[in-house]
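Take a look at the structure set out below.
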Amino acid sequence: MTELETLRHSCAHVLANAILKLWPEAQFAAGPPTAAGFYYDVDLPHRITPEDFERLEKEMRQITQAAQPFERQVISLEEALAMGQRGELAGLGHRSSPSRFKLDIIQNIPENETITLYRNGEFTDLCAGPHVADTSKIGAFRLTHVASAYYKGDENNPQLQRIYGTAFATQEELDRSIELLEEAKKRDHRKIGREQGLFHIDDMVGQGLILWTPKGAIIRQELQNFIGAELRKQGYSQVFTPHIGRLDLFRTSGHFPYYAESQFPPIIDRETIAQLAEEKCSCAELSNRLEQGAVDGYLLKPMNCPMHIKIFDSQPRSYRDLPVRLAEFGTVYRWEQSGELNGMTRVRGFTQDDAHLFCTEEQISAEIRGCLDLVKTVLTTFQLTDYRVRIGLRDPASEKYVGANAHWEKAEEACREAAKSLGVSFSEEPGEAAFYGPKIDFVVKDVLGRDWQLGTVQVDFNLPRRFDLKYTGPDGKQHVPVMIHRAPFGSLERFMGVLIEHFAGNFPLWLAPEQVRVLPISEKLTSYAQTILSELISRDVRATADFSSEKIGAKIRLAQMEKVPYMLIVGGREEAAGLLSLRSRSQGDEGSFPKEIFYERLQEEIKTRK
RNA sequence: GCCGACGUAGCACAGUGGUAGUGCAGCUGAUUCGUAAUCAGCAGGUCAGGGGUUCGAAUCCCCUCGUCGGCUCCA
């Protein structure tokens, strides 16, 4: 545990202590530090609301100001159980009801581990520690929000109230973290998306289904063009596939019915429905028949791979054809639980910048490396530099993986080597592999400190076998190809959401929906402004002009708030000299330029995606 | 899905049982202005939807829909 985590964990004890002073019957479960602060899970008939925070913080402050030392005490299992029975664990002394969650936790402590108590003042808690020397070391703290959580995260367990807070050694650090949170709130992609008209989610269309409005669509188109150009360099072929396919396809791939809960339910044709109605078939019966394959139907695709596999399999393949690289911006549909949905980052319909590479075993290494290069190019281009690389390996103890050991070893070694050649540090995490093969994930940290899994590269020995894919080798015999799944953005929706927050709506020039706005000082300059506008548009610049009767200050303010990268202010002086006055979103007034000089600078900046 | 909070004009919000309001945005007119807000007028609402209580409901109760905060491990 780091020093800060220790401090926060200690603060969680102080919180529990304060809760007990107000509600002595409170029962506590776990109270650990988190990335942003700490929480404590509590079971209490009273519903704690933010209105209670002030009272709680007051109690907490009395405890921290008292500088109560944290005392550690080793006890036996018997003593711990006895104390739990008397309600003394996470308590202020004897209580009529036992500390039931703590008793449950004790049962799960391995036999050889020491059991320790920590006390501060009257408060005693079962705790492995460590803690700060005394409560005054918790310099500054604040309760932030309250939410519910299942005991041990299992939805079959009771729901507890989870009180969140944060703590620092000094008030200045706490203030800074509050400022950061406010900044993060301002950057929320849902807020900026609405303000700038980038996307819309409409109740009548459905939850988690994104409508890309004209400005957002421009950004998406730029993202697709960018990836498209990279793919052409790397020898990919573009394909298009439909949004739905027969259940048989997804039965063969294993998506149905195995992952049925995370899919939209199957679509059944009209005649079949009529026939089922005549038979008075119940919903449960229909569900069974679909599962068994007795009734056919279509599925909104949850993944693109089965479609791409069928393209690969549509003609005989020779080893000379490999690798075959099929790419598509493929839209997939997944049934996320309603509570999991969030703006653009967690949705039910999304478009992956997907591709599937079919290759020989010998080619795996080089193909993975190509994919990693692509992901790295993407992250660099978007200035997403705070990321880590995770290699998901098999859990040697688990039976859930398919395929021969020899294949796995080869694939894992290929992933490891490719990651090494990338020149970045990576972690290997057993148990994180897909069931069909190991994978390399790029986990990007956003402004809120949240992790987003964006780019992913996965090695797959399984699906080619399920679909009985073949190619003719140099030996004239049939061989099974290996598949690599990869998506450098992950999905366009999630990537867009992360980008909005990353840039706080200040998109780099090449992505900005409106790149330049011409601002004539008065109506007398309309014609000169119009000339400049036409010249920009003829150079493929996304430009508009503000011909309203507002004063120049108001036009600038509007353009600035709408985050237009460049404003061109034109008045009588510019018209007379054939100049334009440049104001940039980030630098402000940059002075006058001859038109052609500015146009060249503009086009260069767009081309280089700076 | 579950727990909690919330839903008033395009947006941000006020209004806690008695005639639905403010600011910005919009529209119209005047103004023609030099680097973050010119002035005036006009228009805009089934108070998320449905049901109930009441002489009377944005306001109280119930249901539905939606949004937001959470829900791996965690002494």
I would like to know whether A/Ile115 and A/Val74 meet side-chain contact (heavy atoms from CB on, under 4.5 Å); could you show each step before the answer? CA-CA 6 Å; A/Ile115 298 178; A/Val74 177; over 6 Å; no

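- Of the candidates B/rG69, B/rA75, B/rG70, the closest approach to any side-chain atom of A/Tyr164 belongs to B/rG70.
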Could you please spell out the steps behind the side chain to side chain donor-acceptor pair (under 3.5 Å) verdict for A/Asn120 and A/Gln68? CA-CA 6 Å; A/Asn120 63 286; A/Gln68 299 168 352; 2.9 Å; yes

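- Taking atom C1' in both B/rA58 and B/rG50, one finds a spacing of 16 Å when rounded to whole Å.
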Per-nt protein contacts along nucleotides 24-41 of chain B (heavy atom under 4.0 Å; B base, S backbone sugar-phosphate only, - none) come out as ------BBBBBBBBB---

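- The same atom, C1', is picked in B/rU22 and in B/rG44; the two are 14 Å apart, to the nearest Å.
- B/rC71 and B/rG18 are spaced 44 Å apart, taking the C1' atom of each and rounding to whole Å.
- Atom pair A/Asp104:CG and B/rC74:C1' shows a separation of 13 Å (rounding to whole Å applied).
- Taking the six-membered ring where tryptophan is involved, the planes of A/His46 and A/Trp23 are essentially parallel, since the angle between them stays under 30° and well short of 60°.
- Taking atom CG on A/Leu341 and atom P on B/rC71, their separation rounds to 16 Å, with Å as the unit.
- The aromatic rings of A/Phe70 and A/His131 lie parallel to each other, with less than 30° between the two planes, well short of the 60° mark.
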Heavy-atom contacts, protein to nucleotides 2-12 of chain B, under 4.0 Å, summarised as B (base), S (sugar-phosphate only) or - (none) per nt, yield BBS------SS

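- Within 6.0 Å of atom CD in A/Glu183, more than 12 heavy atoms from other residues, nucleotides or ligands are found, so the atom counts as buried in its surroundings.
- Nucleotides B/rU67 and B/rC11, compared at atom C1', are 16 Å apart to the nearest Å.
- As the counterpart of B/rA48, B/rU64 is assigned, both hydrogen-bonding distances of the Watson-Crick or G-U wobble pattern falling under 3.5 Å.
- Rounded to a whole Å, the CZ atom of A/Arg346 is 12 Å from the P atom of B/rC71.
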Extract all donor-acceptor atom pairs below 3.5 Å that involve side chains of residues 195-203 of chain A and protein atoms in other chains or at least two apart in sequence.
unit_1	atom_1	unit_2	atom_2	d
A/Glu195	OE2	A/Lys191	NZ	3.1
A/His200	NE2	A/Asp202	OD2	3.1
A/Asp202	OD1	A/Met204	N	2.8

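- In this structure, A/Tyr118 reaches neither bases nor backbone, as no heavy-atom distance under 4.0 Å exists between it and the strands shown.
- Rounded to a whole angstrom, the distance from the P atom of B/rG17 to that of B/rC13 is 23 Å.
- Spacing between B/rC63 and B/rA25 at atom C1', rounded to whole Å, works out to 36 Å.
- Remark: B/rG26 base-pairs with B/rC42; criterion is Watson-Crick or G-U wobble with both hydrogen-bond distances under 3.5 Å.
- More than 12 heavy-atom neighbours from other residues, nucleotides or ligands sit within 6.0 angstrom of CD on A/Gln107.
- Nucleotide B/rA48 holds its P atom 17 Å from the CG atom of A/Asp202, rounded to whole Å.
- The backbone N or O of A/Ser262 lies less than 3.5 Å from no partner atom in the side chain of A/Arg334, so there is not a single donor-acceptor pair.
- When heavy atoms are screened at a 4.0 angstrom cut-off, A/His9 is found touching the sugar-phosphate backbone but no base atom.
- One interatomic measurement links the two molecules: NE2 of A/His200 to P of B/rG66, which rounds to 14 Å at whole-angstrom precision.
- Within the structure, every side-chain polar atom (N or O) of A/Arg190 is placed at least 4.0 Å from both OP1 and OP2 of B/rU67.
- Atom CG in A/Leu126 sits about 13 Å away from atom P in B/rC74, given to the nearest Å.
- Between B/rC24 and B/rA40, the distance separating the two P atoms is 10 Å to the nearest Å.
- The gap from the P atom of B/rG29 to that of B/rG45 amounts to 22 Å, rounded to the nearest Å.
- Between A/Asn157 and B/rC71, a side-chain N or O to OP1/OP2 separation shorter than 4.0 Å is absent.
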Set out, in order, the CA-CA distance, both residues' side-chain angles and the distance that settles side-chain contact (heavy atoms from CB on, under 4.5 Å) for A/Ile532 and A/Glu575, then state yes or no. CA-CA 10 Å; A/Ile532 292 177; A/Glu575 185 176 30; over 6 Å; no

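- Using cut-offs of 30° and 60° for the angle between ring planes, the A/His13 and A/His9 rings count as perpendicular.
- Heavy atoms of A/Thr114 sit under 4.0 angstrom from at least one base atom.
- Aromatic ring orientation, A/Tyr164 versus A/His145: parallel (interplanar angle below 30°, classes split at 30° and 60°).
- Going from atom CD of A/Glu429 over to atom C1' of B/rU72 covers 13 Å, rounded to whole Å.
- Here B/rG18 sits opposite B/rC55 as a Watson-Crick or G-U wobble pair (both hydrogen-bonding atom distances under 3.5 Å).
- A/Ile163 has its CD1 atom 17 Å from the C1' atom of B/rC74, to the nearest Å.
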